[in-house]
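A quick write-up on the structure given underneath.
Hydrogens, waters and symmetry mates play no part in the numbers below; they use all other heavy atoms, side chains included.
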Amino acid sequence: MKQKHQIRRFLPYYKKYMGTMVFDLVCAAFTTVCELVLPMIVRTVTNRATYDIAALTVPFILRMGGLYLLLRLVDAAAYYYMASVGHIMGTKIETDMRADLFSHLQTLSFRYYDDVKIGTIMSRITSDLFDVTEFAHHCPEEFFIAFVKIFISFIILCTLNIPLTLIVFAVIPFMIAVLIFFNTRLRAGFREQREKLGILNSQVEDSLLGIRVVKSFTAEKIEQEKFGAGNREFLGIKSRVYGYMGQFQSANRFFEGFLYIIVVAAGTLFLINGKINPGDLIAYLLYVTTLIASIRKIVEFGEQFQRGMSGIDRFYEIMDEIPDVTDAPDARPVGEVRGELCFENVSFAYHEEGAKVLSGLNLTVPAGQKVALVGPSGGGKTTLCSLIPRFYDITDGRITLDGVDIHTYTLRSLREKIGVVQQDVYLFSGSVRENIAYGRPGADDAEIIAAAKNAGAHEFITELPDGYDTYVGERGVKLSGGQKQRISIARVFLKNPPILILDEATSALDNQSERIVQRSLEELSRGRTSLIVAHRLSTIRSADRIVVLTADGIAEQGTHAELLAKDGIYARLWNSAQ
């Protein structure tokens with residue numbers, strides 16, 4: 001039932017290509033007819049040779065040969081269409097599915113990516129959909145050809161000898177039942193294989209992305225052992241799948257031989273008793289060969305079918321993921337923003353049954369003020385910042401922007417008003433110019449350069465080999481930490497948001513880079529509502545207000561001088577850092 005349901009869901013992808021699909025099936029019908037005519041030609045020639053050898057004249061033989069040659073030309077043209085245009089149709093369907101899958105992945109929140117490995121997603125968006133290409137093209141084609149061959153063969157065989165035909169077709173249901181049994185096991189095996197392959201891909205990706213850590217700790221052997229264990233497990237799964245496939249193929253070959261011996265033995269008895277003539281028996285054998293070839297083709301297609309269905313299953317597993325952060329039905333765009341943020345009795349937990357990271361928190365950030373969040377790890381500082389652009393949705397309470405609940409705004413317009421600079425800078429594979437322009441697509445060169453100057457990045461960019469066109473490498477590996485951070489700040493300058501979130505933006509930098517970046521951040525935060533998460537307390541002395549956040553909530557808040565005077569948590573943190 002699930003398989004039928006998934007196929008029904010998949011069928012709409014054919015809608016755009018219905019004309020191609022119909023003509024592909026017409027071509028399949030032509031190739032089938034061409035194949036089924038040959039036994040009739042052989043039957044006619046054999047019967048003439050048996051009962052009237054003089055009737056086998058040269059003109060007759062040439063007519064038979066010419067007819068078959070013409071049919072073969074039609075067959076070649078039809079097969080060319082099926083092999084080229086038909087496959088292209090399958091590729092277009094794969095492309096449409098990949099686009100839908102990627103678009104849906106863009107709608108899923110951080111919570112989904114917290115729980116799913118990127119390697120697993122990559123496997124589903126690439127290799128899984130490759131198999132769907134073959135499935136999309138061959139599935140309707142192969143089943144249509146098999147149906148036509150079996151149906152027409154049955155009619156023709158009945159005209160030759162009904163009892164023999166009934167004997168042959170009485171065996172076929174048993175053959176199909178046995179093959180379906182092995183097919184079920186094969187499909188389960190393919191699914192398990194796909195899942196393990198996704199895990200293996202994720203493990204390889206994790207190891208290669210962390211290759212610098214691996215080499216610095218001389219942990220190559222550990223990584224090899226981890227990969228070896230996963231690789232051997234994958235081998236075990238694949239070996240079981242091939243075992244199921246062997247059972248599947250063996251059963252098919254047994255029934256194939258069984259059908260042949262039935263036709264030969266029973267056909268010979270009918271021939272002795274005059275119930276069938278030699279030409280009809282030869283034609284019968286040829287049609288049974290065609291019939292068996294059709295069943296064999298479906299059997300061989302079974303592996304491809306199961307791969308395709310596994311790909312479709314895994315495709316819809318992601319497509320069925322419901323985004324947990326979405327626009328309200330009546331959501332409206334954010335208008336002009338002053339930048340006042342209020343947290344009213346806000347609680348949050350990453351999982352429904354998990355411990356609350358924030359509980360009953362109340363905090364107001366006036367428009368244009370710079371508020372710093374400090375405190376021990378695990379106090380919820382980064383989490384609190386992630387709730388403002390709705391990377392996660394709060395469990396209880398509400399967050400307002402200029403007095404309006406942020407849930408009443410569209411996600412896109414809300415996030416357009418917020419700039420985020422994080423400790424872990426991500427630069428896309430491309431040029432410096434492209435990475436800065438990510439802040440506002442369509443910005444011209446003058447705006448990009450102005451943003452870079454504001455971020456203190458213009459000078460080092462012009463010294464790069466190709467200036468703003470310099471390729472930064474994957475994840476920006478060709479640049480230093482300070483250079484990457486300044487490019488990320490330039491990106492936010494170009495975006496020019498009224499609200500700014502700085503999440504430990506300098507904690508991973510050396511002292512010199514920190515001073516340069518800190519000046520850029522001070523320039524960036526001027527006149528904007530800013531929330532700053534910092535472990536280096538020296539970077540937030542000038543904040544309008546400092547909030548000390550612990551696992552129990554807000555413990556202290558005030559200016560740097562006020563908090564030192566209280567001689568509480570902040571004072572102890574400050575003194576321990578000196």
Side-chain angles (χ1 to χ4, degrees), residues 3-4 7 28 31-40 42-43 134-135 138-191 238-272 275-276 280-310:
Q3 184 168 291
K4 290 179 181 178
I7 290 175
T31 61
T32 304
V33 169
C34 293
E35 188 174 345
L36 293 176
V37 167
L38 179 61
M40 298 305 294
V42 173
R43 174 185 179 235
E134 295 300 306
F135 174 89
H138 287 296
C139 184
E141 186 181 280
E142 295 296 344
F143 281 115
F144 177 76
I145 290 174
F147 172 77
V148 171
K149 282 185 178 179
I150 293 172
F151 181 72
I152 294 179
S153 295
F154 178 76
I155 293 174
I156 294 174
L157 291 176
C158 283
T159 64
L160 300 179
N161 189 290
I162 292 178
L164 185 56
T165 302
L166 294 178
I167 292 172
V168 169
F169 275 83
V171 175
I172 290 178
F174 293 102
M175 179 179 183
I176 293 174
V178 171
L179 296 181
I180 287 176
F181 170 75
F182 288 120
N183 252 344
T184 303
R185 301 179 69 182
L186 188 61
R187 186 183 179 200
F190 275 127
R191 182 169 185 81
K238 202 160 186 180
S239 297
R240 287 202 303 276
V241 169
Y242 281 122
Y244 298 150
M245 192 184 302
Q247 296 168 356
F248 190 70
Q249 298 285 5
S250 296
N252 175 59
R253 291 178 68 83
F254 169 78
F255 279 103
E256 184 178 314
F258 189 60
L259 284 174
Y260 273 126
I261 196 62
I262 286 177
V263 172
V264 172
T268 302
L269 292 175
F270 284 127
L271 183 64
I272 292 171
K275 302 294 184 182
I276 192 172
D280 289 351
L281 182 57
I282 292 175
Y284 207 103
L285 281 169
L286 290 174
Y287 276 119
V288 168
T289 300
T290 299
L291 185 66
I292 290 174
S294 300
I295 296 173
R296 186 194 304 124
K297 187 74 173 177
I298 291 296
V299 169
E300 291 171 351
F301 178 67
E303 177 187 355
Q304 194 175 82
F305 177 84
Q306 301 304 339
R307 288 182 185 275
M309 284 306 304
S310 294

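- The structure places CG of Leu259 at 10.0 Å from CZ of Phe254, a figure rounded to the nearest 0.5 Å.
- Taking every heavy atom of both residues into account, Phe182 and Ala251 meet most closely at CE1-CB, 3.9 Å.
- The distance from atom CD1 of Ile167 to atom CG of Asn161, rounded to the nearest 0.5 Å, is 8.0 Å.
- Here the CG-OG1 distance, from Leu36 to Thr31, works out to 9.5 Å after rounding to the nearest 0.5 Å.
- In this structure, Tyr287 has no ring pair (Phe, Tyr, Trp, His ring centres under 6.0 Å) partners at least two apart in sequence or on a different chain.
- Atom CZ of Phe174 has 12 or fewer neighbouring heavy atoms from other residues, nucleotides or ligands inside a 6.0 Å radius.
- The CZ atom of Phe270 sits 11.0 Å away from the OG1 atom of Thr268 when rounded to the nearest 0.5 Å.
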Lys275/Leu269 under side-chain contact (heavy atoms from CB on, under 4.5 Å): CA gap, chis, key distance, verdict: CA-CA 9 Å; Lys275 302 294 184 182; Leu269 292 175; over 6 Å; no
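- Between the CD1 atom in Ile150 and the CZ atom in Phe169 there is a gap of 7.0 Å [rounded to 0.5 Å].
- Residue Ile162 places its CD1 atom among 12 or fewer non-hydrogen atoms of other residues, nucleotides or ligands, all under 6.0 Å distant.
- Residues that satisfy the salt bridge (Lys or Arg N to Asp or Glu O under 4.0 Å) test with Arg240, not counting sequence neighbours, are Glu192.
- Between Phe255 and Phe258, the ring-plane angle classifies as perpendicular under the 30° and 60° cut-offs.
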Audit row: Val148, Val33, side-chain contact (heavy atoms from CB on, under 4.5 Å) steps and yes/no: CA-CA 9 Å; Val148 171; Val33 169; 5.7 Å; no
Worked verdict on Leu285 versus Val263 for side-chain contact (heavy atoms from CB on, under 4.5 Å): CA-CA 7 Å; Leu285 281 169; Val263 172; 3.3 Å; yes
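- When every heavy atom of Cys158 is checked against every heavy atom of Thr165, the shortest pair comes out as N-OG1, 3.5 Å.
- For the atom pair Leu286 CG and Ile156 CD1, the distance stands at 11.5 Å (nearest 0.5 Å).
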